[in-house]
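In what follows, residues are counted from 1 in the order of the sequence shown.
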Amino acid sequence: MENENILIPSEYADICPIQDKDFHNEMSMLVSEPMFKQIVQLVMPEYNYTQLKMLLLSLNSKYDLQTKFMKPFVDGLLAKTSSGLTASGLENLVKDVPNTFITNHRDIVLDSALLSYLMIENDMDSCEIAIGNNLLIYNWITKLVRLNKCFIVKRNLGRLQTMAAALQLSGYMHFVLTQKKGSIWIAQREGRCKDSNDRTQESLIKMLTYGNREVPFVESLKELNIAPIALSYEYDPNDRLKAREYLLKSKNPNFKKTQEDDLISMKTGIAEQKGHIHYSFTPCINDKLDKIPADLDRLLTVQRICNIIDHQIHANYKIFKTNYMAHDMLFNNTEFAEHYSSEDAKIFTDYLNSQLDKITDIPVTDSDRNYMFKYMLQMYSNPLTNQIEAIGIEKSK
């Protein structure tokens with residue numbers, strides 16, 4: 001079990017979750033923030049804010065927040081915006097052995113929130129969550145996420161500051177696993193994968209080893225007990241926003257999302273329909289790391305580790321009708337037609353077109369629309385394409 005009372009070294013004070021001894025004071029400041037009240041009333045209109053404020057002020061720990069507030073909120077959210085959340089592979093987790101969960105990244109908020117929800121549902125400690133400071137555009141958001149077991153990943157820094165931040169981050173992650181005995185979550189790459197062609201960033205693997213450089217590279221990684229998880233959403237509420245971003249980048253390679261764009265993505269991911277959602281827990285990769293030759297070149301070692309993680313994610317996607325239909329539509333064949341009906345295909349086509357109809361803030365030509373339609377097909381087909389490569393076409397069928 002995680003040791004919540006262990007003293008946090010001062011060098012991690014600005015990135016770690018808020019400690020329970022400071023929880024009530026920090027929560028008191030949060031609920032007094034006018035913008036926090038506005039956002040809560042927007043996202044949770046069914047709640048009376050005065051009563052909600054009283055509930056939040058009655059909490060005394062991050063565990064209280066997650067079990068008495070976040071879990072009921074997620075229960076309601078899943079009921080309204082999904083066809084259900086399922087999980088497989090939970091037997092791969094070893095009781096009282098903390099893990100670093102590395103996952104593909106679909107949704108800014110829900111990927112980690114649903115993981116914590118599943119862990120609490122299955123009588124496990126929830127994990128600490130890595131979140132980029134590019135999303136923390138207001139002080140109250142920083143306070144909120146740190147009250148909810150998030151630790152901060154510093155981004156958009158100069159070269160020397162980037163290295164210092166990586167050392168601090170990796171050091172904290174090793175501290176959580178080895179001293180606090182807690183689990184953590186981090187995405188396999190910075191930012192969401194826009195086209196669902198999930199690949200682990202080599203820079204992430206290198207960073208993870210910085211926290212213990214007194215042991216060989218692979219041994220430092222083994223200390224983190226990496227266990228990949230494959231996340232699968234039947235529908236991505238942000239599919240149109242990702243396609244829009246991809247279109248704008250194709251026209252202007254220097255296009256950058258704004259902070260408002262991120263807020264819109266967060267709200268869309270939370271509020272709109274997701275269909276079925278599935279989390280596939282896979283075993284810790286330490287036994288596979290043991291098979292990497294000790295004398296292998298460092299670059300090749302990193303690539304081998306990325307491939308191990310990617311294979312476990314790709315092989316364990318839950319493949320939905322949307323993936324089969326998108327694959328057949330993209331490649332103009334009927335290879336997976338046994339998995340859906342012609343009516344299913346029409347409904348899916350109508351869905352994609354209805355999503356594109358919502359893009360009204362930029363001019364969209366017929367060519368632009370076709371470009372985004374094909375992009376969304378790629379987004380939905382790539383998990384199946386990668387699973388075929390990982391385990392073969394027969395298993396994917």
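Other residues, nucleotides and ligands contribute at most 12 non-hydrogen atoms within 6.0 Å of the CE atom of M54. In this structure, E214 places its CD atom where only 12 or fewer heavy-atom neighbours from other residues, nucleotides or ligands lie under 6.0 Å away. A 6.0 Å sphere centred on CG of D366 holds no more than 12 heavy atoms belonging to other residues, nucleotides or ligands. With a 6.0 Å radius and a threshold of 12 heavy atoms from other residues, nucleotides or ligands, K194 has its NZ atom above the threshold. Taking a 6.0 Å sphere around NZ of K358, one finds it holds more than 12 heavy atoms contributed by other residues, nucleotides or ligands. More than 12 heavy-atom neighbours from other residues, nucleotides or ligands sit within 6.0 angstrom of NZ on K143. No more than 12 heavy atoms of other residues, nucleotides or ligands lie within 6.0 Å of CD in E260, so this atom counts as exposed by the packing criterion. Open room surrounds NZ on K37; 12 or fewer heavy atoms of other groups in view lie less than 6.0 Å from it.
Distance alone, capped at 3.5 Å, is enough to place a donor-acceptor pair between the Q312 side chain and the P283 backbone. Here the side chain of N323 pairs a donor or acceptor atom with the backbone of F320 at under 3.5 angstrom. In this structure a side-chain-to-backbone donor-acceptor pair under 3.5 Å is missing from R106 to N238. Proximity of a side-chain donor or acceptor of D261 to a complementary backbone N or O of T258 within less than 3.5 Å is detected. Judged by distance alone, the side chain of H105 and the main-chain N or O of E190 form no donor-acceptor pair under 3.5 Å. A donor-acceptor contact shorter than 3.5 Å links the side chain of K62 to the backbone of I18. Of the possible donor and acceptor atoms, none in the side chain of N122 sits under 3.5 Å from a partner among the backbone N and O of M124. Under a 3.5 Å cut-off, the side chain of Q201 and the backbone N or O of R189 do not form any donor-acceptor pair. With hydrogens and angles disregarded, a donor-acceptor distance shorter than 3.5 Å links the side chain of S170 to the backbone of G211. The main-chain N or O of S126 is never found under 3.5 Å from a side-chain atom of Y117 such that the two would form a donor-acceptor pair.
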* Asked: Can you check side chain to side chain contact (heavy atoms under 4.5 Å, CB included) on Y12 and F151, steps first, answer last?
  -> CA-CA 9 Å; Y12 306 134; F151 60 95; over 6 Å; no
* Verdict with supporting geometry, F255 and E245, side chain to side chain contact (heavy atoms under 4.5 Å, CB included) -> CA-CA 8 Å; F255 170 78; E245 181 182 346; 3.8 Å; yes
* Could you go through the side chain to side chain contact (heavy atoms under 4.5 Å, CB included) check for K288 and I226 one step at a time? => CA-CA 11 Å; K288 293 179 173 61; I226 294 171; over 6 Å; no
* Candidate pair L384 and F336, rule side chain to side chain contact (heavy atoms under 4.5 Å, CB included), full reasoning -> CA-CA 10 Å; L384 176 56; F336 296 102; 3.7 Å; yes
* Does the pair E128 and Y172 meet the rule for a side chain to side chain donor-acceptor pair (under 3.5 Å), with working shown? -> CA-CA 11 Å; E128 294 192 18; Y172 180 69; 2.6 Å; yes
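Between the side chains of S341 and D344, a donor-acceptor pair is found at a separation under 3.5 Å. Looking only at atom types and distance, the side chain of K274 has a donor-acceptor partner in the side chain of T81 under 3.5 Å away. Between the side chains of Q273 and Y351, no donor-acceptor pair of N or O atoms lies under 3.5 Å. Side-chain atoms of Y380 and D236 form no donor-acceptor pair, as typed in the model, at a separation below 3.5 Å. Between the side chains of T142 and N139, no donor N or O sits under 3.5 Å from an acceptor N or O. Side-chain contact check for D310 and T200: at least one donor-acceptor pair (N or O, by modelled atom type) lies under 3.5 Å. Checking H278 against S88 by side-chain atom types alone, a donor-acceptor pair falls below 3.5 Å. Side-chain polar atoms of H174 and E223 form a donor-acceptor pair below 3.5 angstrom. A donor atom on one side chain and an acceptor atom on the other are found under 3.5 Å apart for D198 and Y317. Of the N and O atoms on the side chains of D14 and Q168, at least one donor lies less than 3.5 Å from an acceptor on the other residue. With hydrogens and angles left out, the side-chain atoms of N370 and S367 include no donor and acceptor closer than 3.5 Å.
Within the 4.5 Å cutoff, the side chain of T349 has no heavy atoms near those of the I347 side chain. Here the side chains of I120 and M70 are not in contact, with every heavy-atom distance at 4.5 Å or above. Two residues are said to be in side-chain contact when any heavy atoms from C-beta on lie closer than 4.5 Å; L330 and T385 fail this criterion. You'll find the side chain of I102 reaches within 4.5 Å of the side chain of I186, heavy atoms only. Taking 4.5 Å as the limit, some side-chain heavy atom of M27 sits within range of a side-chain heavy atom of V31. Contact check for F373 versus M329: side-chain heavy atoms found under the 4.5 Å cut-off. Between F101 and I129, every side-chain heavy-atom pair lies at or beyond the 4.5 Å cut-off.
A centroid separation of 6.0 Å or more is found between the aromatic rings of Y324 and Y340.
Look at D368 and K251 and you find a salt bridge, because one of the NZ, NE, NH1 or NH2 atoms lies within 4.0 Å of a carboxylate O, short of that distance. The residues E26 and R146 are annotated as not salt-bridged, no charged nitrogen and carboxylate oxygen being separated by less than 4.0 angstrom. The residues K71 and E121 are annotated as salt-bridged, a charged nitrogen and a carboxylate oxygen being separated by less than 4.0 angstrom. Salt-bridge formation is not detected for the pair R192/D107: no Lys NZ or Arg NE/NH1/NH2 atom is positioned less than 4.0 Å from an Asp or Glu carboxylate oxygen. Salt-bridge formation is not detected for the pair D287/K291: no Lys NZ or Arg NE/NH1/NH2 atom is positioned less than 4.0 Å from an Asp or Glu carboxylate oxygen.
Checking each of N316, N99, I285, T100 against P228 for a side chain to side chain contact (heavy atoms under 4.5 Å, CB included) leaves exactly one that passes, namely I285.
Atoms CG and CG, on N156 and N133 in that order, are 7.0 Å from each other to the nearest 0.5 Å. To the nearest 0.5 Å, atoms CG (L55) and NZ (K53) are separated by 13.0 Å. Rounded to the nearest 0.5 angstrom, L56 CG and L65 CG are separated by 7.0 Å. Of the inter-residue distances, the one linking Q387 atom CD with S232 atom OG reads 8.0 Å to the nearest 0.5 angstrom. Remark: L144 CG to C150 SG distance equals 8.0 Å, nearest 0.5 Å. Distance check: Y210 OH to S220 OG gives 11.0 Å after rounding to the nearest 0.5 Å.
Annotation for L115 and W185: closest pair CD2-CD1, 3.5 Å, computed over non-hydrogen atoms. Nearest heavy atoms, M372 versus A243: CG-O, 3.7 Å.
Partners of D290 according to the side-chain hydrogen bond (donor to acceptor under 3.5 Å, both in side chains) rule, which considers only residues two or more places apart in sequence or in another chain, are K222.
Ring orientation note: the planes of F69 and F73 are close to parallel, at an angle under 30° on the 30°/60° scale.
Residue pairs meeting the ring-ring contact (aromatic ring centres under 6.0 Å, His included) criterion with at least one member in residues 30-63, sequence neighbours excluded: F36-W140.
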